[in-house]
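Working notes for the structure below.
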Amino acid sequence: MHDDTSQPSGGVYLFYGFIALLWIAAAAAVYVTFFYDPSEPDADDSPSAVAAEDSSNSAADPSDDAQPRTIVLDADGNIVDPAEADKPIELPEFEFTDQHEQVFGTAQLLGKPWVATFIFTKCPGPCFEISGKMGKLQREMRDYDFQMVSFSVDPKTDTPAMLKKYSEAFTNDAANWHFLTGEQSEIYYLIQKGFKMPVGEVAPGNIIHVNSFVLVDEKGFVVDDFDAWNSEDEYLKLKKKIREITSKKSDAPASESAIDPLE
């Protein structure tokens, strides 16, 4: 027996499938246009999820410190521990030759505070003014029992004889002011590693160095440094600090004729 019931063709199924896809696309467009808010966080971006992620990152990298870190450089430009940098600077022992060709160094300085400067006789810069200010300091503080030391940063040129001639331009009293020379490597080591200050010969006769006046206590620890050669305020601060840590000579008068404005 023949069955006359008609069956849909494959083209009909494709047609209806296409219509269904259009409806789905239209519904998606309506949702995106009228209902979707991109500012709302996804489930993974919820505050709890973000906090958990931050916590996991923190646990994974304990070295990540939110606080800014202080970077301290030494005289050679190397990074050093800030805690170490805050410690008092104790100078290493040293021994050089003074302008009278006498051995002079730590052994002769211990027991009294002293002021250090760094100069050289052929200096085209402020060395002359620095030594002039040292001469003034010697005269104005003559009643106080402390030493003064000028280190030559050009010891290859500055012989004891040359330093003696240089010193006579600034003082006629060599009792407590010593101009020192010696091996360049040893002097540079003392300045760089001891005083923690830069010094170097960038070209023959062209030497860079600090212009500070450095106050050292009777035990060989650096007290402070002062820009005293071109700042009157710094010079007066240096004098005041010397008075604080230095005793008067036994034959010094009970009072001084001049009083510094900072006192």
Side-chain angles (χ1 to χ4, degrees), residues 75 88-100 102 104-121 123 125-153 158 163-164 166-182 187 190-192 194-199 209-249 252 256 258 260 262-263:
I89 297 174
E90 182 179 12
L91 297 177
E93 293 186 4
F94 62 90
E95 186 176 87
F96 299 118
T97 304
D98 69 8
Q99 71 269 35
H100 305 293
Q102 300 296 313
F104 192 88
T106 303
Q108 290 73 32
L109 288 168
L110 285 177
K112 294 181 181 180
W114 50 286
V115 177
T117 55
F118 312 96
I119 54 91
F120 61 109
T121 60
C123 176
C127 294
F128 193 87
E129 287 84 355
I130 291 171
S131 297
K133 207 61 168 283
M134 281 279 275
K136 180 181 179 182
L137 181 68
Q138 184 190 48
R139 293 189 298 274
E140 294 181 350
M141 302 293 288
R142 62 185 179 276
D143 295 334
Y144 287 83
D145 197 11
F146 71 103
Q147 298 284 331
M148 299 167 55
V149 182
S150 292
F151 294 92
S152 170
V153 296
D158 291 340
L163 286 175
K164 185 175 186 298
Y166 178 84
S167 69
E168 290 170 350
F170 305 100
T171 182
N172 56 8
D173 180 10
N176 72 327
W177 190 357
H178 311 274
F179 292 77
L180 302 187
T181 187
I187 291 180
L190 175 65
I191 298 173
Q192 293 171 342
F195 286 97
K196 311 296 184 186
M197 292 183 169
V199 64
H209 62 92
V210 296
N211 300 323
S212 300
F213 285 54
V214 184
L215 180 60
V216 183
D217 70 14
E218 73 281 359
K219 295 180 179 180
F221 286 87
V222 172
V223 177
D224 206 348
D225 61 273
F226 303 83
D227 186 26
W229 75 277
N230 67 346
S231 169
E232 188 64 19
D233 286 345
E234 287 287 293
Y235 175 70
L236 294 177
K237 289 177 183 178
L238 170 60
K239 290 176 63 177
K240 183 177 181 180
K241 195 64 180 181
I242 291 173
R243 291 191 183 99
E244 290 176 359
I245 67 171
T246 308
S247 59
K248 276 195 171 185
K249 295 177 181 177
E256 293 186 56
D260 288 334
L262 289 184
E263 294 190 321

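Below, each value reflects all heavy atoms present in this structure, side chains not excepted, and no hydrogens, waters or symmetry copies.
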### Query
Please walk me through it: do Phe179 and Phe120 pass ring pair (Phe, Tyr, Trp, His ring centres under 6.0 Å)?
CA-CA 10 Å; Phe179 292 77; Phe120 61 109; over 10 Å; no
Identify each donor-acceptor pair in which a side-chain atom of residues 214-222 lies under 3.5 Å from a protein atom, sequence neighbours left out, and give them as a table.
| from | atom 1 | to | atom 2 | distance (Å) |
| --- | --- | --- | --- | --- |
| Asp217 | OD1 | Lys219 | N | 2.9 |
| Asp217 | OD1 | Gly220 | N | 3.0 |
| Asp217 | OD1 | Phe221 | N | 2.9 |

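- For Pro92 against Gly194, the heavy-atom pair with the smallest separation is CD-CA, 3.6 Å.
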### Message
Between Phe118 and Phe151, is the side chain to side chain contact (heavy atoms under 4.5 Å, CB included) condition met? List the steps.
### Response
CA-CA 5 Å; Phe118 312 96; Phe151 294 92; 3.8 Å; yes
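- Ala175 approaches Gln147 most closely through the heavy-atom pair O-OE1, 4.2 Å.
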### Message
Met197 vs Asp225, test: side chain to side chain contact (heavy atoms under 4.5 Å, CB included). Steps then yes/no.
### Response
CA-CA 11 Å; Met197 292 183 169; Asp225 61 273; 3.9 Å; yes
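- Across all non-hydrogen atoms, the minimal contact from Ala174 to His100 is CB-NE2, 3.4 Å.
- Results of the side-chain hydrogen bond (donor to acceptor under 3.5 Å, both in side chains) test with Ser150 over Thr117, Asp158, Thr181 single out Thr117 as the only residue that passes.
- Between Lys112 and Asp145 there is a salt bridge, with a side-chain nitrogen of the basic residue lying less than 4.0 Å from a carboxylate oxygen of the acidic one.
- Heavy atoms only, all atoms of each residue included: Ile187 and Gly182 are closest at CD1-N, 3.6 Å.
- Judged by distance alone, the side chain of Gln108 and the main-chain N or O of Gly105 form a donor-acceptor pair under 3.5 Å.
- Applying the salt bridge (Lys or Arg N to Asp or Glu O under 4.0 Å) test to Asp224 and every residue at least two apart in sequence or in another chain returns nothing.
- With rounding to the nearest 0.5 Å, the separation of CG in Leu163 from OG in Ser152 is 5.5 Å.
- Within a 6.0 Å radius of CZ in Phe170, other residues, nucleotides and ligands contribute more than 12 heavy atoms.
- Taking the six-membered ring where the residue is Trp, the centroids of Tyr235 and Phe213 are separated by 6.0 Å or more.
- Residues passing the salt bridge (Lys or Arg N to Asp or Glu O under 4.0 Å) test with Lys241, sequence neighbours excluded: Glu244.
- Between Val149 and the choices Leu109, Val115, Asn176, Asp98, the side chain to side chain contact (heavy atoms under 4.5 Å, CB included) rule is met once, by Leu109.
- Look at Lys164 and Glu168 and you find a salt bridge, because one of the NZ, NE, NH1 or NH2 atoms lies within 4.0 Å of a carboxylate O, short of that distance.
- Residue Asn172 qualifies as open at atom CG: its count of foreign heavy atoms under 6.0 Å is 12 or below.
- Taking the side chain as every heavy atom from C-beta outward, Trp229 and Ser212 never approach each other to under 4.5 Å.
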### Task
I would like to know whether Ile242 and Met141 meet side chain to side chain contact (heavy atoms under 4.5 Å, CB included); could you show each step before the answer?
CA-CA 9 Å; Ile242 291 173; Met141 302 293 288; 3.7 Å; yes
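- Closest non-hydrogen pair, Val210 versus Pro198, comes out as CG1-CD, 3.5 Å.
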### Query
Is there a side chain to side chain contact (heavy atoms under 4.5 Å, CB included) between Tyr144 and Lys249 once you walk through the steps?
CA-CA 5 Å; Tyr144 287 83; Lys249 295 177 181 177; over 6 Å; no
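- Side-chain contact check for Ser231 versus Lys237: every heavy-atom pair is 4.5 Å or farther apart.
- Residues Ala228 and Leu238 come closest through the heavy atom pair CB-CD2, 4.2 Å.
- Between His178 and Phe104, the gap from one ring centroid to the other is short of 6.0 Å.
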